Structure formats: structure tokens, C-alpha cells
*Asks:* 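One structure, as C-alpha cells, below. Some questions next.
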Amino acid sequence: PAAAGQTSAAGRKESSITPAPGDGPPKQPNDESAPAAVADSRTATARAPGVPTLTPAQARQRMRERQRLQDCERVVHATSPDSAAARERREWRWLPPEQVALEQVGLREAAARVGQGCPPRPLTPEARRRQEVDMAADLAAAAAAGDLEARLRSWRYQDSKTDGGREALRALLYDVLLSGDAELIAQIGEFQWQVNPSRQTTAEDLVPHGELWRLVACALAAPCGRGSPALDRLCLSTSTAACAAPSVAAALQGLLPAWQFRLLQQRRAELLARIRSGQVAGILDPPGQPAPGGG
């Protein structure tokens, strides 16, 4: 990474990101090697009473608008006096002044990019409640229309507490992976931990899945450089170390301990090799389990 990312790393290596919670698109595996649950997950989400009927194009637009509103909230939070005080207390007072200046400039630039078209002032509590109701209705309508991102975002934690619920989520994640949508693939890590509950700590548990799949998506052509939505969101939501980094990978290298970043890169390479060769059957199964059909 660039010097800015290296300087940032020196001040932040000791803290690890908590797991979340480029070439072409992935190849479609042969029918006989694909998980049987994939086909079952392709049925559209049942439509609740009162949820409007949307076309796929309308559903996609609703999801883009929902993301836009969430990004506006990120800007409001990141530029608030409370956030500025927290950054000064937790990060900036430990860093060289030149690094702080780089991050401050990067933060202002990210906030200006992401905040274009956002309301000029924070929402009132009443307006925020109305917005939350509208966003929930849009999510339900888009999920009913079959939008993959909406179906994923509609998933509830309690649904993953049974074997059947976990398998349904796993099948949905396979649909996301096979969609070839790199920016949607980046979201897999936020949900993967729910499909593979473990009673003991393994090497796989030491890999932050949210960051892992974000790096996979970068390699699959999702924008991840300066000015990209992915890097701007890291800057606004995770740490201003990302505000001075040239890429998502450089930002994560500065935020994660060296041993964890090496493990992250190793798992990223393994996943990419399987995706690019079409060997995705079993890729979301717990480590150590054979893929269906030996594929």
C-alpha cells in the first residue's frame, strides 16, 4: 500500500475488525455439482398482505434508493461533532500530524461524494421514523418481487437457528454467488457465519468473513479504489484509516493485525481459485466437509 496506508497501519495494527456482522464473474457449475438446495431458494419470497407488486426493475430501483438513504445516514453520523470527538480520542491523538491531515482530507472528500443529494440537515426523529417505515415496506416489496439483495437483507437472525433455516439461507447465498454480481457477492460475509455455527474455534473462525468476501468482490471487478463506494463506506463507518488508503485492500491491511491479514489473503486466493474454475459446490459449507459429488 501507499505510504499513507503504511503510516496508518503503524497506529492501528493492534485492533482487529470484528467479523460482520479483476476477472470476470463466477462461472456456473455443472448441474450435477451444484447444491440441490440452490433450486429450492429460487422461489420468490411470499408476498405479505398490503405489500405492493413491483417489477424486477422497480425492485432494483427501490433497493438502490434504500442504499442511498443508508449512505446519507452514514454521512450524518461520520460528520457529527460526537464522531469527531471520538476519532480524536481513539485514533488521531496517537498518529503523526501529517497522517491526521491526510485522513481529515479523505474524510471530507468521502462525505462530499457520498452526501451529494442528501438532505441538508439531519432528519427529525419523526421524519426518521417515517423513513424507517418506508424503507421496511420497500424492502418487503422488493423481496416479494424476487430481488436477491432484498431477499438477503430480509433474512432474520432467528430464521438461522434451525437446520432448515440455515439450509435455506445457504441456498440463498449460493444464488447470490452464482449471480455474478460482484457488489452483491461482497455481502455474503455478513451472513455466512449464520449458516455454519461452530462450537469450537478453528482457523476459519479467525478470518473476518465480511472483509474476506469484500476482497473477493474486489477481485471480481467490484470498484474498490479511491472514490469507490466500498472504500468510502469503510472510511465513513469503520475507521478514518480507510480515508487515506488507496484501496480497500490497503485499508484492511492497515486495520488488521499482520497475521490476520495474511490469513485473509490466503483464504481470498483459495475462494477465487474455486470461483474462477466453477468449483463452487460446497464453498459455503463448514470447513472440512467434502463437496457434494466430490466436486
Side-chain angles (χ1 to χ4, degrees), residues 20-21 45 48 50-84 105-156 172 175-176 179-191 210-211 213-214 217-218 220-240 242-243 245 247-248 251:
T45 304
V51 174
T53 301
L54 300 178
T55 66
Q58 289 172 331
R60 191 87 290 273
Q61 181 59 32
R62 295 288 179 94
M63 292 303 295
R64 284 193 289 266
E65 291 170 356
R66 183 175 183 272
Q67 179 66 72
R68 179 72 185 142
L69 293 174
Q70 290 174 328
D71 283 341
C72 289
E73 288 298 304
R74 283 190 178 91
V75 172
V76 169
H77 176 74
T79 57
S80 69
D82 287 346
S83 290
V105 170
L107 177 62
R108 287 195 296 270
E109 291 176 346
R113 278 190 299 269
V114 177
Q116 288 182 357
C118 291
R121 58 183 61 85
L123 297 176
T124 64
E126 181 180 355
R128 186 183 302 278
R129 284 192 294 271
R130 287 198 304 269
Q131 177 176 287
E132 290 173 352
V133 170
D134 291 343
M135 289 172 67
D138 286 343
L139 182 63
D147 185 89
L148 268 179
E149 182 180 12
R151 291 169 60 199
L152 193 59
R153 290 293 164 193
S154 297
W155 194 264
R156 299 173 300 171
L172 177 56
D175 279 350
V176 169
S179 73
D181 185 330
E183 295 190 17
L184 187 54
I185 288 171
Q187 301 180 35
I188 289 177
E190 298 178 41
F191 297 86
E211 280 58 56
W213 283 96
R214 187 177 288 123
C218 291
L220 295 175
C224 292
R226 292 285 296 177
S228 67
L231 187 56
D232 281 347
R233 287 169 190 148
L234 271 178
C235 165
L236 295 171
S237 301
T238 303
S239 171
T240 52
C243 303
S247 66
V248 168

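Treat the numbers as computed from the prediction; the structure is a model and nothing was measured.
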*Asks:* State, with a plain yes or no, whether a side-chain heavy atom of Leu172 is found less than 4.5 Å away from one of Leu148.
*Replies:*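 Heavy-atom side-chain distance check passes, below 4.5 Å.
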
*Asks:* Would Arg151 and Asp175 satisfy side-chain contact (heavy atoms from CB on, under 4.5 Å), going step by step from the backbone distance to the final call?
*Replies:* CA-CA 11 Å; Arg151 291 169 60 199; Asp175 279 350; 4.1 Å; yes

*Asks:* Between Asp232 and Arg113, is there a salt bridge with N-O shorter than 4.0 Å?
*Replies:*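 Yes.
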
*Asks:* Would you confirm whether Ser154, through its side chain, and Ala143, through its main-chain N or O, come within 3.5 Å as a donor-acceptor pair?
*Replies:*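 Side chain of Ser154 to backbone of Ala143, a donor-acceptor pair under 3.5 Å: no, none is there.
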
*Asks:* So how far is it from Gln58 CD to Gln61 CD, rounded to the nearest 0.5 Å?
*Replies:* 9.5 Å

*Asks:* Any side-chain heavy atom of Leu123 within less than 4.5 Å of one from Glu73?
*Replies:*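 Contact flag for Leu123/Glu73 side chains = yes.
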
*Asks:* Nearest 0.5 angstrom please: Met63 CE to Leu152 CG, how far?
*Replies:* 9.0 Å

*Asks:* Please round to the nearest 0.5 Å and tell me the distance separating atom SG of Cys243 and atom CG of Leu236.
*Replies:*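 The CG atom of Leu236 is 6.5 Å from SG of Cys243, to the nearest 0.5 Å.
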
*Asks:* Evaluate the side-chain contact (heavy atoms from CB on, under 4.5 Å) criterion for residues Asp138 and Arg66: first the C-alpha distance (whole Å), next the side-chain angles of each, then the deciding distance (0.1 Å), finally the verdict.
*Replies:* CA-CA 8 Å; Asp138 286 343; Arg66 183 175 183 272; 5.5 Å; no

*Asks:* So Arg226 and Glu109, do their side chains get closer than 4.5 Å, heavy atoms only?
*Replies:*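 In contact.
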
*Asks:* Before you tell me yes or no, could you show the steps for Gln187 and Arg153 under side chain to side chain donor-acceptor pair (under 3.5 Å), namely the whole-Å CA-CA distance, both residues' side-chain angles and the distance that decides it to 0.1 Å?
*Replies:* CA-CA 10 Å; Gln187 301 180 35; Arg153 290 293 164 193; 2.9 Å; yes

*Asks:* To the nearest 0.5 Å, what is the distance between OG on Ser247 and CG on Leu231?
*Replies:* 7.0 Å

*Asks:* Is it the case that atom CZ in Arg64 sees more than 12 heavy atoms from other parts of the structure closer than 6.0 Å?
*Replies:*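 Yes, because the 6.0 Å sphere around CZ of Arg64 holds more than 12 heavy atoms from other groups.
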
*Asks:* May I ask you to test the Arg128-Thr124 pair for a side-chain heavy-atom distance under 4.5 Å?
*Replies:* no

*Asks:* For a 4.5 angstrom cut-off between non-hydrogen side-chain atoms, does Asp134 reach Gln131?
*Replies:*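 Answer no - side chains too far apart.
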
*Asks:* Calculate, to the nearest 0.5 Å, the distance between atoms OG and CD belonging to Ser237 and Gln70 respectively.
*Replies:*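 Ser237 atom OG to Gln70 atom CD measures 10.0 Å (nearest 0.5 Å).
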
*Asks:* Given side chains that start at C-beta, do those of Arg214 and Cys224 come closer than 4.5 Å, heavy atoms only?
*Replies:* no

*Asks:* Are Leu220 and Ile185 packed together at the side-chain level, in the sense that at least one heavy-atom pair is separated by less than 4.5 angstrom?
*Replies:*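 Sidechains of Ile185 and Leu220: in contact.
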
*Asks:* So do the side chains of Glu190 and Trp155 get within less than 4.5 Å of each other, counting heavy atoms only?
*Replies:*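 Glu190 does not reach Trp155 side chain to side chain.
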
*Asks:* Rounded at 0.5 Å granularity, tell me how far CZ in Arg74 sits from CZ in Arg233.
*Replies:* 5.5 Å

*Asks:* Run the side-chain contact (heavy atoms from CB on, under 4.5 Å) test on Ser239 and Leu234 for me, step by step, so that the C-alpha distance in whole Å, both residues' side-chain angles and the decisive distance to 0.1 Å come before the verdict.
*Replies:* CA-CA 7 Å; Ser239 171; Leu234 271 178; over 6 Å; no

